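Report on the structure given below.
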Amino acid sequence: MDGKSLIVNKTLPFDPSLLTVNISLRQVEEIAASLSQRCVVSGVNEIAWALRALMLTDLTSLSGDDTRANVRRLCVRACYPFEPQFFDKYFERTLLLDIHCAAVCVYPARIKDAHTTIQQFNQLDKVAIAAVATGFPTGQYGLQTRLQEISHAILAGATEIDIVINRQLALLGDWEVLYNEVVLMRSACGDHAILKAILAIGELGTMENVYKAAMVCMMAGADFLKTSTGKEVVNATLPVGLVMIFAIQEFKRRTCQIVGLKAAGGVRTLRDAISWMTLVNETLGSRWLTPTRFRFGGSGLLDDIEKVVRDGVAKLEREAAEANQSKPPDAEEGSVDALCKELRKKREFEN
């Protein structure tokens, strides 16, 4: 496939001073719990938060029995999560074109199927195609094999590559060797694919290792840090997310380079997603709650989002009927009305 050039992060020289860190696990857990609970939503606001979470989601299928048909269904759902007439009372139908998942994420062998489907729906500029690579989920393959897998996925149509790091190097403290490996992976992606570095935090042993692995990947040119493969015993947790955020903040302060965050594995409900979005909003700021800087990875999250939205809209329709009005009164900022305004601005900017 002919890939277009993307804006990607630069590889920076290895700097051991960025690896100096001392983390109190108890304090991190307390801070993460406190920050993530600062936002409580209900009613029409819950619909808006659900739709925001949907637009931040990499809809994922990483099963051994994935087929062309499975991937096609995944892509259709990512592009069109709701039927056009569903929101007619509360949205302009044209705005529904902007309500879609951020990406689909599949194995390299299924990338061509995903590309073909999304191309058929003329959504290649809206829904990214992500491939897990470099020996996912273990990373226990020869380096050349891992690099070839990246090239294969990009040639098949991938625009994002979710690599797994070599955890044994992190556990042994061979940080410069790990850096050199990720540099080669960055080079293999070039400017044809966004590079997301999966830390597999459940297998790194300590919070210090999570922080250091994050720093090494960012120095090597990662565009995103991703918590987990979803295959470990321990996956995305808020305290680990906070440590990764600390690393992102310090890296930005020292280098002026912005790196995104992807929470993957264990984020199954909208309530889980809201906790993560609140954590990101309270630390990195509201500008980070966009697909270019923050993502969710998963297969089950969209199920709960869809249920919340459909139940919420049904409730609004009942309330409107009881009040004999066609749409609910204006709600506070963060509501569906505010989301509509945001989508209109985005559409005007793109045009």
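These numbers come from a predicted model, not from an experiment.
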Apply the test side-chain contact (heavy atoms from CB on, under 4.5 Å) to residues I198 and I163: give CA-CA distance (whole Å), side-chain angles for both, the deciding distance (0.1 Å), then the verdict. CA-CA 6 Å; I198 308 173; I163 67 163; 5.8 Å; no
Kindly determine whether M215 and F251 satisfy side-chain contact (heavy atoms from CB on, under 4.5 Å), including the steps that lead there. CA-CA 7 Å; M215 278 294 185; F251 187 75; 4.0 Å; yes
Out of curiosity, does I129 fall in the hydrophobic cluster containing L59 (side-chain heavy atoms, cut-off under 4.5 Å, transitive links)? yes
Can you find a side-chain donor-acceptor pair between D66 and S61 that sits under 3.5 Å? yes
For the student: nearest non-hydrogen atoms of W276 and A236, plus distance: CZ2-CB, 3.8 Å
Any L225 side-chain heavy atom under 4.5 Å of K262 side chain: no
Roughly how far, to the nearest 0.5 Å, is CG of L301 from OG1 of T57? 4.5 Å
Any carboxylate oxygen within less than 4.0 angstrom of a Lys/Arg side-chain nitrogen, looking at E306 and R77? yes
So, are D223 and R186 salt-bridged, with charged N and O less than 4.0 Å apart? yes
Is any side-chain heavy atom of L155 less than 4.5 Å from a side-chain heavy atom of H152? no
Thinking salt bridges, do E29 and R26 make one under a 4.0 Å N-O criterion? no
Other residues, nucleotides and ligands only: do more than 12 of their heavy atoms fall within 6.0 Å of CZ on R38? yes
Examine distances only and state if a side-chain atom of E208 and a backbone atom of I23 form a donor-acceptor pair shorter than 3.5 Å. yes
Any side-chain heavy atom of W175 within less than 4.5 Å of one from N180? no
Any Lys/Arg nitrogen of K315 or D311 sitting under 4.0 Å from an Asp/Glu carboxylate oxygen of the other? no
Is there a path of hydrophobic side-chain contacts, each under 4.5 Å between heavy atoms, that joins V132 and I161? no
Do the non-hydrogen side-chain atoms of F224 and I194 ever get within less than 4.5 Å of each other? yes
T290 and T292: side chain donor to acceptor below 3.5 Å: yes
Would you indicate whether the side-chain heavy atoms of T229 and V164 approach each other to under 4.5 Å? yes
Is any side-chain heavy atom of V106 closer than 4.5 Å to a side-chain heavy atom of I111? yes
Check ion pair R110-D113 (N to O, under 4.0 angstrom): yes
Minimum-distance pair of heavy atoms, taken over all atoms of V104 and A78: CG1-CB, 3.5 Å
Heavy atoms only: give me the nearest A158-A193 pair and the separation to one decimal. O-CB, 4.4 Å
Does R52 pair with E46 as a salt bridge, N-O distance under 4.0 Å? no
Parallel, tilted or perpendicular: which fits the ring planes of F14 and Y179, with parallel below 30° and perpendicular above 60°? tilted
Quick one: do R268 and D303 make a salt bridge, cutoff under 4.0 Å? no
Starting from L172, can I reach L178 by hopping between I/L/V/M/F/W/Y residues whose side chains sit under 4.5 Å apart? no
Identify the residue among Q168, K231, R167 that makes a side chain to side chain donor-acceptor pair (under 3.5 Å) with E203. R167
Taking V259 as the starting point, is it possible to reach M277 by hopping between hydrophobic residues whose side chains are less than 4.5 Å apart? yes
Please name all residues satisfying side-chain hydrogen bond (donor to acceptor under 3.5 Å, both in side chains) with Q140, sequence neighbours left out, ordered by chain then number. none
Rounded to the nearest 0.5 angstrom, the OG1-CG distance for T255 and L18 is 8.0 Å
Under the side-chain hydrogen bond (donor to acceptor under 3.5 Å, both in side chains) test, residues paired with R295 that sit two or more places apart: D58, E160
Do any N or O atoms from the side chain of D191 and from the backbone of I7 form a donor-acceptor pair under 3.5 angstrom? no
Say whether L54 and F121 are linked into one hydrophobic cluster, either directly or through other cluster members, by side-chain heavy-atom distances under 4.5 angstrom. no
Tightest non-hydrogen contact, residues M55 and A102, listed as O-CB, 3.5 Å
Please confirm whether the backbone N or O of V183 pairs with a side-chain atom of S187, one donor and one acceptor, at under 3.5 Å? no
So do I245 and L284 actually touch side chain to side chain, heavy atoms under 4.5 Å? yes
Could you tell me whether E250 and R254 make a salt bridge, using a distance below 4.0 angstrom between a side-chain N and a carboxylate O? yes
